[in-house]
**Student:** 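Encoded as structure tokens, here's the structure I'll be asking about.
Reminder, nothing fancy here: chain letters follow the sequence lines and each chain counts from 1.
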Amino acid sequence: MSYVILDHETRSGCDLKKCGAFVYSQHPTTSLICVGYSIDSAAPKLWKPGDEAPQDLFDAIAAGAWVVAHNVLFERAIWENILTPQWGWPAVPEEQWFDTMASCARRALPLDLDGACRLLGLEVQKDDEGKRALMKICKPVKKTGEFPEDPVLYERVYEYNKVDVLAEAGLLRRLRMLTQSEMDIFRLNQRMNFRGLGLDLRFAADCQAVVDGAMGPLEARFEALVGCRAGQRDRFLEWIDERYGGFPNLTKEVVEEALEDWPLPDEVRTALELRGAITSTSIKKLEAMRNCVGADSRARGLVQYHGAATGRDAGRLLQPQNFPRGEVEMGKDENGDEIPPWEVLVPALQTRDPEFVGSLFGCPIAAVSAALRHVIVPAPGKLLVAGDFSTIEARIVLALAGQHDRLALIRKGADLYCDLASTMLGRPINKKEHKKERQAIGKPTVLGCGFGMGAPKFHKRYMKKEPFALAQSCVDTYRYDWAPEVPRLWYGLEDAAVRTVWDRKPQSYNGCTYAIEDEWLTCRMPSGRKLYYFKPRPCKKAMPWDPNDIRPGWTYVAKKAGRVQTIDAYGGLLTENVVQALARDLLYDRALVADREGFPLVLTVHDEIVSETDEARADPKVLQQIMEDAPRWAIDLGVPVGAECWAGDRYRK
DNA sequence: CGGCAATGCGCC
DNA sequence: AAACGGCGCATTGCCG
């Protein structure tokens, strides 16, 4: 198969990082510096605006060559919005585009070109000087508003471009493309990114008006009280310390505990409450929305294919995967029926009156925060149809562990949280009469204990105010009574992986097969997909409970918290990885079908599918049917799959 | 001023 | 006898 490596260099007054490739490519000041390309490993060639059209490139594409770039959404946006309309370049069929970033993602490598090449030890020259040259000419000079025209810098950028083309070619040679099933998912991801999410900009402006109206007075009150701005953490801490000791920091956890339980002086309490509203960062999404929305009110390029090593997508730009859920109560209408919060929240915010919003919901900033996801709307004449899988990770971990009794209960319609609480308390628990037991014991234990969390962490995270013994009892119940097969799964996966890394021979456990492939440890899962762990190395490690108990273990290299780190692999982690990955495979198996059968996808959120479709076809029951029609591997594994779906004219939870 | 690292916080 | 994980963005603080 023939392939073309493509790399555009551009300049613009638009901020690519803030606005994303689509808005950037449509910005009037954006233009090409050059296009570098290499056909079938030939030496890179360069096209510059004004040059004759690169006929060899067009011929290769017309003959069906793959068109490959690193972060291909950028190249596609530039091609569609500049090269075709302004320079007459022919359209590239959707199926011909490919992205070396996707190849990196599949192998759990860093997604940036430099980082991936460096970690792989690929011999491509590093061109810092070229990069600096590009940085100098890609933005207008602040004072004049003109782009620098220094020919020396341009020549330097042309060289830089060639180096990048060669680096991408190196990546492609080393990593190759994707399996067919991953290619299908990659293409669905491209479609999603091109469709984008519709934004109700008018409502976003309403929200911003409420924020603007509320924020000034809040800031003024804080500054009058404390004498510094709310963002100045260290100065505020000093101020608190003069009035009340015992604040190690100002994390949410500490502040919440202080507000609830400590006998704070009134002024400290007031200042903390004010600061909470003022420093609320989620409302910055309103600005992000303005920045990355196109002329047609849609924001594109929001979902990174396989952004996490497990295969989950990552969010970009306005990051649609972490909208606050909001803690606005359901009100009741005159018949005593619950009113969905958005039906009150949205009209209230549309008044743009912070005091009115405050009178209904307490803090106007918190109300905006809760309403952020409602800015997402379908196109006129369409509806959002969406749904999520019910407690999917808890179900997958039980299935993978072979905990058949609990799976049978789920199939009979039992509620997992009630069932666990019942096991623990030794008496029947039901959803209606024992809300508290279900919520405070059943739910955290089912969700928290599947991946090896110990009692100390469990206590700290879920029941700080309860006796430690209760936390211990939850953890013990899960491990020894409720799902004893699950700990066996942790140890089984750990043992299989350790043996594979030490002996370099494949080992399986419960349908997961670890093997050494090239520079990776792979884990082939029941879904057929493989997880990758880069540079696995044997190591010896002391057990947490006894520093003298040294056992074989292994480490791998991955990007964590933004930088490359060596990570210690242990059973709970491996289990978590496989379970998260299987949930993703289930999601995309169904998403592909939904997309094909009348529910064009616009977003996925880990266990949730969001589609946008004509009002006439917007039947959530049909989507639910698609989602619950589990693939063969999930049925064989015994995963009970359930989905809850809805249709509506605003995004919601 | 810009880049980088660390931290905090939102989601699943 | 066993340890939660997976993300990105905004902000602060530090460095050049």
**Student:** Who are the ring-ring contact (aromatic ring centres under 6.0 Å, His included) partners of A/Trp554, not counting sequence neighbours?
**Tutor:** A/Tyr533, A/Tyr556

**Student:** Could I get the full list of ring-ring contact (aromatic ring centres under 6.0 Å, His included) partners for A/Tyr570, not counting sequence neighbours?
**Tutor:** none

**Student:** Heavy atoms of chain A, cut-off under 4.0 Å: which first and last nucleotide of DNA chain B, 5' to 3', fall inside that, if you could look?
**Tutor:** B/dG2 to B/dC12

**Student:** Listed by chain and number, what are the ring-ring contact (aromatic ring centres under 6.0 Å, His included) partners of A/His606, not counting sequence neighbours?
**Tutor:** none

**Student:** For A/Ser103, give me all partners under side-chain hydrogen bond (donor to acceptor under 3.5 Å, both in side chains), at least two apart in sequence or on another chain.
**Tutor:** none

**Student:** What N/O pairs connect the protein and nucleotides 13-16 of chain C at under 3.5 Å? Give each pair on its own line.
**Tutor:**
residue: C/dG13; atom: OP1; partner: A/Asp234; partner atom: OD2; Å: 3.2

**Student:** What pairs meet the side-chain hydrogen bond (donor to acceptor under 3.5 Å, both in side chains) rule with one or both residues in residues 276-293 of chain A, with sequence neighbours excluded?
**Tutor:** A/Gln208-A/Arg290, A/Ser282-A/Ser369, A/Lys285-A/Asn322

**Student:** Can you tell me which residue pairs pass the salt bridge (Lys or Arg N to Asp or Glu O under 4.0 Å) test with a partner in residues 473-482 of chain A, sequence neighbours excluded?
**Tutor:** none

**Student:** Reading 5' to 3' and counting Watson-Crick or G-U wobble pairs with both distances under 3.5 Å, write the dot-bracket notation for DNA chain C, | for bases paired outside the strand.
**Tutor:** ....||||||||||||

**Student:** If the condition is salt bridge (charged side-chain N to carboxylate O under 4.0 Å, His left out), which residues does A/Arg156 pass it with, not counting sequence neighbours?
**Tutor:** A/Asp127, A/Glu129

**Student:** Could you work out, with salt bridge (charged side-chain N to carboxylate O under 4.0 Å, His left out) as the rule, every residue matching A/Asp15, not counting sequence neighbours?
**Tutor:** none

**Student:** Scan residues 385-400 of chain A for pairs that pass side-chain hydrogen bond (donor to acceptor under 3.5 Å, both in side chains), counting only residues two or more places apart or in two chains.
**Tutor:** A/Arg312-A/Glu393, A/Thr391-A/Arg395

